[in-house]
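In listed order, ligands and their atoms are each counted from 1. Position 1 is the first residue of the sequence, and the numbers go up from there.
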Amino acid sequence: MTTTSQLHIALLAFPFGSHAAPLLTLVQKLSPFLPSNTIFSFFNTSQSNTSIFSKGPKPNNLKIYNVWDGVKEGNDTPFGREAIDLFIQSTPINFVKSMKEAEEETGVKFSCIFSDAFLWFSCELAEKINVPWIAFWTAGSCSLSIHLYTDLIRSNDETLSRIPGFLSSLRISDMPPEVVAENLEGPMPSMLYNMALNLHKASGVVLNSFEELDSIINKDIKTKLQKVLNIGPLVLQSSKKVHSDANSDESGCIKWLENQKEKSVVYLSFGTVLTLPPNEIVAIAEALEAKRVPFIWSLRDNEVKILPKGFLERTKEFGKIVSWAPQLEIFENSAVGVFVTHCGWNSILEGISYGVPMICRPFFGDQKLNSRMVESVWQIGLQIEGGSFTKNGTISALDKFFNEEKGNVLRQNVEGLKEKALEAVRPDNGSSTENFKALVELVKCHK
Ligand code: UDP
């Protein structure tokens, strides 16, 4: 390996859910540790680029490229799974085309391909130009482990208990649907399966997590991959305001929290993608109203329309609904008592980083697995009874947090994990700090 004169890092983003924004956060963190003439070329769809770059300034040495999203000219923009499938079907040709443009425009060959782990074909692109492939797994080590065990899981249900680090708590119903899909040929299952088969070729696999959260799982995946680099939680490091643009408290949530009692508020948010089923929105609303518990609920305008008639008026003394909440600043406030979540990885890690226990209502992807970890392995929260929100199930979950000893135990457990997270990012010798240094060295090297 030799050090190059100029680094040009290709960043390949997966443009759905909360994937592209953490990749950008990572670039912002890496940039000061690399030579000042380093070029970053960021490849992502135009829609996702618009969304993530509207939230703050971009580094000067980062060039943005729009890759084709797979939608033919004149066709309507699809949503949800259809949009994802079209995009996957347009890879890798869409990336290859834009990457060629970037090399021509800058006149500098790529020194490294740093991609979302989903985009496994990056390993073939990197091999072709003889540069390292570094993969970014934007979720936890628990779900990464499950993907690496896809063949074993598909061979027999009983093998689940053989996967290290889950305390025999796993159920087949916790599995990401792609891992247990009837056939692996659909765009998404096939992409994730290929990722599992190819990830060992990556020079490094980077995770926004910390080793001490899942030490047994990490020990195990280190035997399967070349270099496992947990460098998180990114939100506990310098640029935490990158994600949430709430410094100005436009929503008024922070001011509102100042008047609430310690650990009394329920914060509800279900991420950037999900729309809750109407009956569950109504069930939550009825439970909050019946308990008269102070709440902040991040709820989009189209969902607000589903709330029971008069709900906003009747709850305005103790509740607040906003279309986008400054989640990190909310978690920093000691008035927050419990987080009701869909169990997206960023939300889970943010809850842990700020010591907030959780009520889980997972939907898809890694969410059910994350929820299992929260309830059975880390013991920092509860899954909602019956798997979906009902009025009584929601009241009963809130009671456990506010009226029963169980809530205190879960709160103490999450506080313990928060301490470990803070240790991991200690600037002198934290495990994530050390892993970050190793990542900088990896990015600096040429094959
Ligand atoms: N988020 C936020 N305010 C909201 C809703 C979400 O700041 O009102 C942020 C949250 O802090 C997290 C991200 O959006 O960083 C959601 O990511 P996650 O992985 O939890 O879920 P996804 O959006 O991928 O389903």
(message) Can you tell whether the side chains of K291 and E286 come within less than 4.0 Å, N to carboxylate O?
(response) no
(message) If the cut-off is 4.0 Å to any non-hydrogen atom of G271, which atoms of ligand 1 fall inside it?
(response) 23 (O)
(request) Of the side chain and backbone of A325, name the one, both, or neither that has a heavy atom under 4.0 Å from an atom of ligand 1. (result) both
(request) Describe, in one word, how the ring planes of F43 and Y65 are oriented to each other, choosing from parallel (under 30°), tilted (30 to 60°) and perpendicular (over 60°). (result) parallel
(message) Please identify which of these residues, L30, T38, I113, meets the side chain to side chain contact (heavy atoms under 4.5 Å, CB included) condition with I9.
(response) T38
(message) Using a 3.5 Å cut-off on N or O atoms only, is P326 in polar contact with ligand 1?
(response) no
(request) Identify whether the distance between the nearest side-chain nitrogen and carboxylate oxygen of K437 and E434 falls below 4.0 Å. (result) yes
(request) Please say whether the positively charged group of K420, taken as NZ for Lys or CZ for Arg, lies over the ring of F210, i.e. under 6.0 angstrom from the six-membered ring centre and within 45 degrees of the axis. (result) no
(message) Give the atom numbers and elements of ligand 1 that come within less than 4.0 Å of a heavy atom of N346.
(response) 12 (C), 15 (O), 17 (O), 18 (P), 19 (O), 20 (O)
(message) So if I count the atoms of ligand 1 from 1 in the order they appear, which ones are less than 4.0 Å from some heavy atom of S269?
(response) 5 (C), 6 (C)
(request) Mark the output for H19 as yes if a heavy-atom distance to ligand 1 is under 4.0 Å, and as no if none is. (result) no
(request) Answer yes or no: is there an ion pair linking K316 with E313, defined by an N-O contact shorter than 4.0 Å? (result) yes
(message) Would S18 count as being in polar contact with ligand 1, using the rule that some N or O on each side must be under 3.5 angstrom apart?
(response) yes
(message) List ligand 1 atoms under 4.0 Å from S347, heavy atoms only on the residue side.
(response) 18 (P), 20 (O)
(request) Using distance alone, decide if ligand 1 has a nitrogen or oxygen within less than 3.5 Å of any nitrogen or oxygen in H342. (result) yes
(message) Counting the benzene-type ring for Trp, do F40 and F42 have ring centres under 6.0 Å apart?
(response) no
(message) For atom 9 (C) of ligand 1, which of the options W345, F270, W324 provides the nearest non-hydrogen atom?
(response) W324
(request) Taking only heavy atoms of Q327 into account, list the atoms of ligand 1 that are under 4.0 Å away from them. (result) 1 (N), 2 (C), 6 (C), 7 (O), 10 (C), 11 (O)
(message) Quick check on the 6.0 Å ring-centre criterion: do Y267 and F331 meet it?
(response) yes
